[in-house]
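Just so we're on the same page: letters track the sequence lines, and every chain starts at 1.
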Amino acid sequence: MLWHHVGLMSQDLDTAGLAKAYEPISVEEKWYQAWIDGKCFAGDPSSEKDGYSIVIPPPNVTGILHLGHVLNNTIQDVLARRARMQGKEVMWLPGTDHAGIATQTKVERELKKATGESRRDMGREAFLKKVWDWKDEHGGIIIKQLKRLGCSCDWDRERFTMDEDYTHWVSHTFSDLFKKGMIYRGKRMVNWCPVSLTALSDEEVIMKPQQSTLYFMKYEFVDAPGEYLEISTTRPETLMGDVAVAVNPKDERFTKAIGRKVRRPFPEAEIPVIADDHVDVEFGTGALKITPAHDKADFEIGVRHDLEVIDCLTADGKINCEDVPELHGLDRFAARKIAAQMLEDKGLLIRAEDYANNVGFSERADVPIEPRISMQWFLRYPEVERTAAAVESNEITFRPERWSKTFAHWMSNIQDWCISRQLWWGHQIPVWYRKDKSTELQNAESLDLADMQSGDIHVGTEPPADAENWVRDEDVLDTWFSSWLWPFATMAKQGEESDLLKKFYPTTDLVTGPDILFFWVARMIMAGYSERDELPFKNVFFTSLIRDGKGRKMSKSLGNSPDPIEIMDKYGSDGLRFTLMRIAPLGGDIRFVSKEEEGELVCPQVEEGRNFANKIYNACRFRQMSGGETTGELDVSALKPYHINLLAKLDALEVNLDKAYADYKFNEVCNLLYEFLWNEFCDLFLEAVKGDLKDTAADADRQATLMVFDTVMSRYFLLLHPFMPHLTEELSLRMGYISEGEFVMQTQLPKDSVLAGYDPTEAQKVAQSIYDAAGRLRNVKAEYNVATRRDVTFIAKTSVDYLEAESPVLCQLAGAGEIQIDPNYEAPKGTPVAVTSVGEMYMPLAGLIDVEAEKARLDKEIEKNALELKKSTNKLSNEKFVANAKPEVVQVERDRLAEWEAKASQLAEMRAALDA
RNA sequence: GCUCGGUUAGCUCAGUGGUAGAGCAUUGCAUUGACAUUGCAAGGGUCAGAGGUUCAAAUCCUCUACCGAGCACCA
């Protein structure tokens, strides 16, 4: 094997000229460039291999990387890299989302700050140009950051939801669904954002608990002055829109009121008392004022009773009621207080109570939304039943599985989707109105397929031929109306059966957060069935939610979201990747601890990941300081038990990894990798074979150990690669496991096990009994406070044949000076003993221990042992246990009992000896 | 209100019926030659509570409490 020095970039070099610690930054940068130059990420649609594909959940084009992205994309990268190494042709398709409201709001805000202009001052065309400029300037940031993380996306195929091809798909889908009668336009009650000045879908409204005031007021009966009907409301400012008061028909208190009229105080009007089942008898006074224009439920009641709709708010949430000059033009919240005051002045306010209720907030602008009647486009969701069934039957699997229940619940209560937005940044609705009828059409109560068939409107991907006679609908589509096409719209132009689609669609895995289950995942399945007649992906993996050290959601406003780039610069992207994957359980949340110490960002969990990288690096450094090239083939039959044990453990590791991967348990994969390297490889194996690498060692021993080291480490790097791609490339090259120009990421995982055909049982028994014995000897030493002495002699009362040969290793591991073997040894009473799997090992006390302290310790020990002994005895004297438990379980218990008994007599002897 | 999670060491969490585990933190000890980003050890648990099933429960069932999420909401 070739042999290179590991890392030469540090100031802190040891005598061999090797850096003492792994320094990730330059290594990571170098390898990412090498992968790009080597075109390692390209997915080839003409490949013979099986296809494997993932589409990235497109981040907002102006977004900045946060830890959620890091987790999400690391999982995808792990899946992609693993699939490549398993011989699949992998396509990980990246891109970004135009993120309608988010981006437009951001640019508008910047514009306001810079020039004081609003988008309306500029006009649509000029504003859109500004947004495109902004996108070009800031759009690349998150992509660069993903590259820093090591993501193996096929960057040549990067897509954007407003690319020309993509836009064509959006228009096509709209017109397709319109022609199927699934899309219609109508005046409906929608969620209106008074800040963004657009309609929102139900999913974009976040219910938040609020501390409000419930006002109790009274309306006077018209036919009985001095007699009042008491009403409670949280929104007195919409009083001008009241057109009725409703009571429950079953409510006997109000039976006599129904059908009569009460006086609305301002602007003064007579409004009827009506009966409707919707009214809750228990709530407030039991009488509900009806404001159809400003409440969804009231609107429905209004429809049932054919009531007038009086809109008394402007689009931006100000009062619009010239008849009440005190309120006209005021903001809705300011007006609320004035309206209450006006009621009080008129003697109509009874009292005001503090009241906790839920108010819908706009997801983006974070202000209370306003239920508002407006003209919007709606979609009746297509393929609802097929979509629900696909998840129900596990044709599409959800992980964790429980999300499928949430999904089913949502699917069964699905409402039409309001898809139009009163924004400029986005896909303009592909509907044109005949110019001469445009006003009439745009104000029509409803529009649907029939209007297209009559030739009044044009719906399609292209404008009508005589475009000058037509006016295009001004609205744009909800961002998700483009995102829901992502799995296939990224792969081909509309109407084209590309190689890419053939090879890579449907995609294999989708990795995303559960927060966009309805926004995105559900809709993609529906779009897949509707537009491609096929499901868009086979597996959905929902990532954990990342919280801060205090369990709070990470958010910009809390400032508790550390910058992943800063973390990577400090600990390396491999360290961060490994850490996150190791602490993210399937389904649960993650707590990510970060703190500021002396002006520096400290992430203790990531330190572990960084330390792990360093541990591996140093194991390799040790290898290189201990010898160079090896020659010849590995001859398993000539190896020591420690070698064979390690090889067997590697084989077991590969089997266990396969299992964990099959369940998408990445944290388990990481733990297996971590434990193997740190415990099995470094703490046990390397310590056991250290003697073989000393200058004085025999050349054959050195060669064997080096060869096993290289065999195991080179394979281990393949297994670790998906999590720590940069480190594994670097060390594999430096160690000569791959040659210049080769890549670990393109190396196939070996199909055969290392020990194929060789039975390691006997060798493993030897190695493991020595490891076990070493641990027990160390325990005894520690108990007697001689842990640090390396000159302790043990006397082994045993006839185990291999002990003599292995005793140097045992000494090395246990920190013992010498192990004498004497099967007939008669220990003086009270000599401490370790009962090991290679026999009893006595540690004669050189009279150096503190007798009183030892007595106390022994007494404690005796008590503890007696308790265990009693537990075991009780269990075994239980006939039902012996009869019903599995034989091996009973046997384990018997062995245990024997152990307690032996120990009890030993302890008693030792105690007695001390007394003497 | 409905539906799903969760509650295990000081902290973060593993643990699908058979001796309660890991990492971090704490404490003690160690250091010339892989690694102080290290090694060896120690202390630390009524597995949220109550009941049930079982020879045996952290684990299965029921209820309760608290925490979290989603959905629906009463003005």
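- Counting only Watson-Crick and G-U wobble pairs whose two distances sit under 3.5 Å, RNA chain B takes part in these stems of three or more pairs: B:1-7 with B:65-71, B:10-13 with B:21-24, B:26-30 with B:38-42, B:48-52 with B:60-64.
- If you check G39(B), U19(B), U37(B) against the side chain of D683(A), the one that comes closest is G39(B).
- Nearest nucleotide to the side chain of R896(A), out of C35(B), A34(B), U19(B): U19(B).
- The salt bridge (charged side-chain N to carboxylate O under 4.0 Å, His left out) pairs that include a residue from residues 285-303 of chain A are D242(A)-K289(A), where partners are two or more places apart or lie in different chains.
- Ring geometry for F709(A) versus F681(A): interplanar angle over 60°, hence perpendicular rather than tilted (30 to 60°).
- For the salt bridge (Lys or Arg N to Asp or Glu O under 4.0 Å) test, residues two or more places apart in sequence or in another chain that qualify with E687(A) are K690(A).
- K615(A) places its NZ atom 10 Å from the P atom of C35(B), with the value rounded to the nearest Å.
- Look at W678(A) and you'll find a side-chain N or O under 4.0 angstrom from OP1 or OP2 of G39(B).
- Residue K690(A) is in base contact, counting any heavy-atom pair closer than 4.0 Å across all strands shown.
- Going from the P atom of U59(B) to that of G52(B) covers 14 Å, rounded to whole Å.
- Taking the six-membered ring for Trp and the full ring otherwise, the centers of F518(A) and F407(A) sit at least 6.0 Å from each other.
- To the nearest whole angstrom, the two P atoms, one in U26(B) and one in G33(B), are 26 Å apart.
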Under 3.5 Å between N/O atoms: give me all the protein pairs with nucleotides 73-75 of chain B, atom names plus distance.
{"from": "C73(B)", "atom 1": "N3", "to": "N358(A)", "atom 2": "ND2", "distance (Å)": "3.0"}
{"from": "C73(B)", "atom 1": "N4", "to": "N358(A)", "atom 2": "ND2", "distance (Å)": "2.3"}
{"from": "C74(B)", "atom 1": "O2", "to": "D280(A)", "atom 2": "OD2", "distance (Å)": "3.1"}
{"from": "C74(B)", "atom 1": "N3", "to": "D280(A)", "atom 2": "OD2", "distance (Å)": "3.2"}
{"from": "A75(B)", "atom 1": "OP2", "to": "Y355(A)", "atom 2": "OH", "distance (Å)": "2.5"}
{"from": "A75(B)", "atom 1": "O3'", "to": "T234(A)", "atom 2": "N", "distance (Å)": "3.1"}
{"from": "A75(B)", "atom 1": "O3'", "to": "T234(A)", "atom 2": "OG1", "distance (Å)": "2.7"}
{"from": "A75(B)", "atom 1": "N6", "to": "D280(A)", "atom 2": "O", "distance (Å)": "2.9"}
{"from": "A75(B)", "atom 1": "N6", "to": "F283(A)", "atom 2": "O", "distance (Å)": "2.9"}
{"from": "A75(B)", "atom 1": "N1", "to": "D280(A)", "atom 2": "N", "distance (Å)": "3.2"}

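- Taking only side-chain nitrogens and oxygens, K871(A) never comes nearer than 4.0 Å to OP1 or OP2 of U19(B).
- Atom CG of L673(A) and atom C1' of G23(B) are 16 Å apart (whole Å).
- When all heavy atoms of I290(A) and A246(A) are compared, the closest pair comes out as CD1-CB, 3.7 Å.
- Between F666(A) and Y664(A), the ring planes lie perpendicular to each other; the angle is over 60°, past the 30° to 60° tilted range.
- Atom CG in L731(A) sits roughly 16 Å away from atom P in C35(B) (whole-Å rounding).
- With respect to S212(A), the side chain to side chain donor-acceptor pair (under 3.5 Å) criterion is satisfied by exactly one of T234(A), N358(A), N357(A): N357(A).
- Closest to the N611(A) side chain, of the nucleotides C35(B), U38(B), A34(B), is U38(B).
- In this structure, R351(A) forms no cation-pi arrangement with Y215(A), as its terminal cationic atom is not both closer than 6.0 Å to the ring centre and no more than 45° off the ring axis.
- Here the separation of A58(B) from C40(B), taken at their P atoms, is 31 Å to the nearest Å.
- Remark: the separation of the P atoms in U12(B) and C74(B) is 38 Å, to the nearest Å.
- Considering only side-chain atoms of E608(A), the nucleotide from A69(B), G23(B), U19(B) that sits closest is G23(B).
- Rounded to an integer number of Å, the gap from CG of L517(A) to C1' of C71(B) is 12 Å.
- If you find the closest nucleotide of RNA chain B to E203(A) and to E687(A), the one lying nearer the 5' end belongs to E687(A).
- A gap of 25 Å separates the P atoms of A42(B) and A34(B), to the nearest Å.
- Annotation: side chain of T233(A) is in contact with side chain of P236(A) (closest heavy-atom distance under 4.5 Å).
- At whole-Å resolution of the value, CD in E363(A) and C1' in G70(B) are 15 Å apart.
- Checked for salt-bridge contact, R235(A) and E370(A) meet the test: a charged N lies under 4.0 Å from a carboxylate O.
- Following rounding to the nearest Å, F612(A) (CZ) and C24(B) (C1') show an atom-to-atom distance of 17 Å.
- In this structure, the side chains of L576(A) and L67(A) come closer than 4.5 Å at one or more pairs of heavy atoms.
- The distance between atom CG of D574(A) and atom C1' of U37(B), rounded to the nearest whole Å, is 15 Å.
- Among the heavy atoms of the strands lying under 4.0 Å from R610(A) is at least one base atom, whether or not backbone atoms are also near.
- Side chains of E203(A) and R523(A) form a contact here, defined as non-hydrogen atoms less than 4.5 Å apart.
- The separation of A48(B) from A14(B), taken at their P atoms, amounts to 13 Å, rounded to a whole angstrom.
- Taking atom C1' on both G21(B) and A30(B), the two are 26 Å apart, rounded to the nearest angstrom.
- Annotation: proximity of residues 880-891 of chain A to RNA chain B (heavy atom, distance under 4.0 Å) is found for K880(A), F881(A), N884(A), A885(A), V889(A), numbered in ascending order.
- Look at the P atom in both U8(B) and C60(B): the space between them is 16 Å, to the nearest Å.
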Look for any protein N or O under 3.5 Å of an N or O in nucleotides 4-14 of chain B and output each such pair with its distance, or none.
{"from": "C4(B)", "atom 1": "OP1", "to": "K405(A)", "atom 2": "NZ", "distance (Å)": "3.3"}
{"from": "U12(B)", "atom 1": "OP1", "to": "R591(A)", "atom 2": "NH1", "distance (Å)": "3.0"}

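- Counting heavy atoms from C-beta outward, Q605(A) and I583(A) have side chains that approach closer than 4.5 Å.
- Both tests do not hold together for R610(A) against Y571(A): distance to the six-membered ring centre under 6.0 Å, angle to the ring axis within 45°.
- When the P atom of U38(B) is taken as reference, atom OH of Y617(A) falls 15 Å away, rounded to whole Å.
- The neighbour count for E901(A) CD, taken as heavy atoms of other residues, nucleotides or ligands under 6.0 Å away, is above 12.
- Closest to the H409(A) side chain, of the nucleotides C71(B), C55(B), G68(B), is C71(B).
- Residues E28(A) and D574(A) meet the side-chain proximity criterion, which asks for heavy atoms closer than 4.5 Å.
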